[in-house]
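Each remark here refers to the structure printed beneath this line.
Quick note on labels: first sequence line is chain A, next is B, and so on, each numbered from 1.
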There are 2 protein chains.
Amino acid sequence: MANSRDRAREAAATRGRGAGAIDDAGDAGQAGHAGQAGHTARAEARPPAAPEPAGPQAARGGGRPASRRRQKSAATREAILAAALDEFSARGYAAARLDDVARRAGVAKGTIYVHFRDKETLFEELVRAYLGPVINGVATAPGEDLSVRAFAERVVDTFVREVLGTRRKDVLRLVLTEGQRFPQLAHIHYREVVNRALPFVRESLKRAYERGEMKSDALVRFPQLLVAPGLMAVIWDALFSRFEPLDAAALMRAHLDLILEGEGAP
Amino acid sequence: MANSRDRAREAAATRGRGAGAIDDAGDAGQAGHAGQAGHTARAEARPPAAPEPAGPQAARGGGRPASRRRQKSAATREAILAAALDEFSARGYAAARLDDVARRAGVAKGTIYVHFRDKETLFEELVRAYLGPVINGVATAPGEDLSVRAFAERVVDTFVREVLGTRRKDVLRLVLTEGQRFPQLAHIHYREVVNRALPFVRESLKRAYERGEMKSDALVRFPQLLVAPGLMAVIWDALFSRFEPLDAAALMRAHLDLILEGEGAP
DNA sequence: TTACACTGACTGACCAGTCAGTCACTTTGG
DNA sequence: CCAAAGTGACTGACTGGTCAGTCAGTGTAA
């Protein structure tokens, strides 16, 4: 948002908040490649890594019949989200044009508004769709009372595999770079990701600290320190990889090395 | 840049590159509060922390006479840069309006174009003006063969004091969040900041490592790890300080604590 | 007088969002 | 089983507000 065209609508848009977003009518299942070519281009079936944007409340209201029409509609929604990720990542939110998103998704511009209230909602739904699944994974992780080393390795490995190794890193980067201008988005991300992951990490490390496994309580006070290099890597990649590529996985291993020097063995 | 209005000009703009930017005609001395109120508002004399945007090649061509007119012109340039920092920080590059920058600086919009070729150049000059000085400080730092602890503390303290403690943190944040869309800017920042600071840190730490002061060579291979939490703090502040303020200085101290556990004493 | 910083109304491109219309599919009821 | 009626996803030309950049004109220091 933030050009005044958007500002103008903001008051109106605010009314629609509070309860979940208006337009996740679709249950947005497994993408499924259901749609055959319509009468336009249609989404070039992006080959690598299906988005798996399983909506937060899938199958709401008791699961509608999933007719061919509904399947195709869900596929269209997926295509738009994937295209939006491409465009937003490449140009940034403000400079991305919905005309381009539509073209890339193989639909007409109006179709975007069938599935999403406006540009900002599209952005929010994009973040939810891609980052939602991981979140549920994080808080559910068992990992009761592993050694510091084992625990830290697990957290870092998960981060490397599930975020840095997928398109989610692009979504994360969008959150980091655009979040300031979308208080709504920053709030969601804080509530759903940060405020679930950090306390979890903090508690686990606290127990380890009390078991005497660590000399410093730094990680207990600032669990952020565990992933900080990961966030830096996401940004480095966008800014400097042309000049000096950064092996994020190696970076994270070195980081673990550094902060676990001598602490509890695997 | 990056909406097609800008893209359209891009080809033309490219011609102007290569040699230093066209419009740093001013030597942009010490800001000096020279300008008294003109016939409009005039820059509300922002009180805290004068920008000190001493241009890279100050006094080019042998120092022009610094008449009253030139002083006022330089002050106007400063005011525009300061206003641009405010607006870009608050709204992001794309959504910031030059009308607002002009109003905040107390000048007419046209005046901006007297001092800067276009919006993008204004942004680049802004970064140069604020981040340039530190850079020269970094590479000149003596610090030959301190202990790891002393050295790391010095680097981190400098970062906390000179960046996190000033408006430069806002400029740094702009680089981190907008850099991807400004290859030019990312390149400058890599060349002038990253590629000067990192090798310096790396070399110093390498010597310390060879002296046997550190168990792990992680910091030698990835000197980025030293400041990664600082970058995270800059972003955290913009996104989450409302929900959970982060004491960046304490974070950095904890970080040092963590990575220097037991290594060479001060 | 000259030169130059500065002014601000104006232009043209641009793009989010709209809406009347189309058409493929689904449902109904014969 | 098959039309006819109904539904809603989809289309794309169009509108209106926005804003970067321009330029003829003004005032003042040199």
Side-chain angles (χ1 to χ4, degrees), chain A residues 1-10 12-13 23 25-26 35-42 64-77 79-80 87 91 93-103 105-123, chain B residues 1-10 12-13 23 25-26 35 38-42 64-77 79-80 87 91 93-103 105-123:
Chain A
M1 72 99 206
N3 46 41
S4 28
R5 161 165 59 235
D6 292 319
R7 274 197 294 276
R9 282 180 309 95
E10 230 155 2
D23 40 40
Q36 80 300 36
H39 47 113
T40 20
R42 182 69 54 200
R64 305 238 265 317
S67 61
R68 185 145 36 127
R69 208 186 231 173
R70 279 190 63 71
Q71 280 186 332
K72 191 162 163 282
S73 171
T76 299
R77 196 188 136 99
I80 292 170
E87 290 295 325
R91 306 202 190 289
Y93 174 83
R97 285 166 299 179
L98 291 190
D99 283 294
D100 289 343
V101 172
R103 193 173 323 122
V107 301
K109 186 156 69 148
T111 305
I112 294 174
Y113 291 88
V114 170
H115 292 273
F116 305 94
R117 178 162 18 100
D118 56 20
K119 195 184 182 186
E120 186 172 343
T121 305
L122 170 59
F123 185 35
Chain B
M1 75 97 207
N3 47 39
S4 28
R5 160 167 59 236
D6 293 318
R7 274 199 295 278
R9 281 181 309 95
E10 226 154 8
D23 40 41
H39 47 112
T40 20
R42 182 70 56 202
R64 305 235 266 316
S67 61
R68 185 148 34 131
R69 205 185 236 174
R70 279 190 64 71
Q71 281 184 333
K72 189 161 166 282
S73 171
T76 299
R77 196 187 136 99
I80 293 170
E87 291 294 327
R91 307 203 189 288
Y93 174 83
R97 285 166 298 179
L98 291 190
D99 284 293
D100 289 343
V101 172
R103 192 173 325 122
V107 300
K109 185 154 73 147
T111 306
I112 294 174
Y113 290 87
V114 171
H115 293 273
F116 305 94
R117 179 161 19 97
D118 55 20
K119 194 184 181 186
E120 186 171 343
T121 306
L122 170 59
F123 185 34

Collect all protein-nucleotide pairs involving nucleotides 28-30 of chain D in which both atoms are nitrogen or oxygen and the distance is under 3.5 Å.
unit_1	atom_1	unit_2	atom_2	d
D/dT28	O2	B/R69	NH2	2.8
D/dA29	N3	B/R69	NH2	3.3
D/dA30	OP1	B/R68	N	3.0

Between [options], which one does the side chain of [X] approach most closely?
X	options	answer
B/V107	C/dA5, C/dT7, D/dG21	C/dT7
B/S73	D/dG12, C/dA5, D/dT22	C/dA5
B/K72	D/dG21, C/dC6, C/dG17	C/dC6
A/V114	C/dG8, D/dA20, D/dC10	D/dC10
A/T111	D/dT11, C/dT7, D/dA20	D/dT11

Whole-Å distance between [N] [atom2] and [X] [atom1]?
X	N	atom1	atom2	result
B/L98	C/dT7	CG	P	15 Å
B/E120	D/dG21	CD	C1'	14 Å
A/R97	C/dC15	CZ	P	5 Å
A/K109	C/dC15	NZ	C1'	6 Å
A/R103	D/dA13	CZ	P	12 Å
B/Q71	C/dA5	CD	P	15 Å

By side-chain contact (heavy atoms from CB on, under 4.5 Å), A/S73 pairs with (sequence neighbours left out) A/H115
Would you please confirm or rule out a distance under 4.0 Å between OP1 or OP2 of D/dA9 and any side-chain N or O of A/T76?
no
CG/A/L122 to CZ/A/R77 distance, rounded to the nearest 0.5 angstrom?
9.0 Å
